[in-house]
Amino acid sequence: MATMVVVQPVQSFKLEGLLSSSFSGLRLNNNQLCGSSSSSSQIKRWERKDVKPNSLPVVKKLHVKVGDNVKVIGGADKGKISTVTRIYTHNSKVLLKDINLKTKHVKGKAEGEIGQIVQVEAPVHSSNVMLYSKTAKVTSRVGHKVLETGQKVRYLLKTGEIIDSAEEWKKVHKKDKKDAKRP
């Protein structure tokens, strides 16, 4: 007596999860095997970064500029008032005067020179600082407006105080030029 074997087609079979391809060592998912164009595993919005054509990340403008008076609203130095000394736009961080001090152990460079421990200012994320008015002693968000002269300026929303005045801008940049000349 001969026995007959009935073979069922694989298409009626439901594939679950990931299958391994024995001939190439690749791992294929269900959609790739069935020929479906829609992929179930898409990149999440928070995993993608906007990039320019040269593959550098898109830099967003910060709400603070060099020379602005700010108050720290988050972190270990919460409540302290300082001035912005430098801005790092690629990671949205700012360097504040005498805020977020870290200890750095420096090795002696020349032979016979001893090492030392130095206090260094570390950057703080821009979301942890808020513009501060020294006259009204209040923090505020920033607003933008155009004056009658046609000049576009930033101002504090709570007090109406203009931040970007021409005199203030000149003071900050004169200090930068003096610091750049000193070795």
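The chain is numbered in sequence order, starting from 1. Only a predicted model underlies this, so the values are computations on that prediction, with no experimental measurement involved.
- Side chains of Ile87 and Val66 form a contact here, defined as non-hydrogen atoms less than 4.5 Å apart.
- Residue Leu95 is not grouped with residue Leu62 when hydrophobic side chains (ILVMFWY) are merged at heavy-atom distances under 4.5 angstrom, including chains of intermediate members.
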Is there a side chain to side chain contact (heavy atoms under 4.5 Å, CB included) between Lys93 and Ser126 once you walk through the steps?
CA-CA 5 Å; Lys93 292 193 175 190; Ser126 64; over 6 Å; no
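- The structure places NE2 of His144 at 6.5 Å from NZ of Lys152, a figure rounded to the nearest 0.5 Å.
- Of all the heavy atoms in Tyr132 and Lys71, the pair that sits closest is CB-N, 4.0 Å.
- With a 4.5 Å cut-off on side-chain heavy atoms, Leu96 and Val70 count as touching.
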I'd like to know whether Thr135 forms a side chain to side chain contact (heavy atoms under 4.5 Å, CB included) with Glu161, so could you lay out the CA-CA distance, the side-chain angles of the two residues, the decisive distance to 0.1 Å, and finally the verdict.
CA-CA 9 Å; Thr135 56; Glu161 179 183 337; 3.3 Å; yes
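- In this structure, Arg141 and Met130 have side chains that are in contact, with non-hydrogen atoms separated by less than 4.5 Å.
- A pairwise comparison of heavy atoms in Ala122 and Lys102 identifies CB-CG, 3.7 Å as the closest pair.
- For the pair Gln151 and Asp164, the minimum side-chain heavy-atom distance is 4.5 Å or more.
- By the 4.0 Å N-to-carboxylate-O rule, Asp68 lies close enough to Arg154 to be salt-bridged with it.
- Here the closest non-hydrogen pair linking Lys158 and Ser140 is N-OG, 3.0 Å.
- The only option from Asn69, Val153, Leu131 that meets the side-chain contact (heavy atoms from CB on, under 4.5 Å) definition with Ile163 turns out to be Leu131.
- The NZ atom of Lys61 lies 13.5 Å from the OG atom of Ser92; values are rounded to the nearest 0.5 Å.
- Taking each heavy atom of Ile73 and Lys78 in turn, the nearest pair found is O-CE, 3.6 Å.
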Do any side-chain atoms of residues 103-116 form donor-acceptor pairs under 3.5 angstrom with protein atoms, and if so which ones, sequence neighbours left out?
unit_1, atom_1, unit_2, atom_2, d
Glu113, OE1, Ala110, N, 3.3

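- Counting only heavy atoms from C-beta outward, the side chains of Asn100 and Glu121 never approach each other to under 4.5 Å.
- Put simply, OG on Ser133 and CG on Leu156 are 5.5 Å apart, with the number rounded to the nearest 0.5 Å.
- The two residues Leu147 and Ile162 have their closest heavy-atom pair at CD2-CD1, 4.0 Å.
- Follow the hydrophobic side-chain contacts under 4.5 Å out from Val94 and you reach Val72 in the same cluster.
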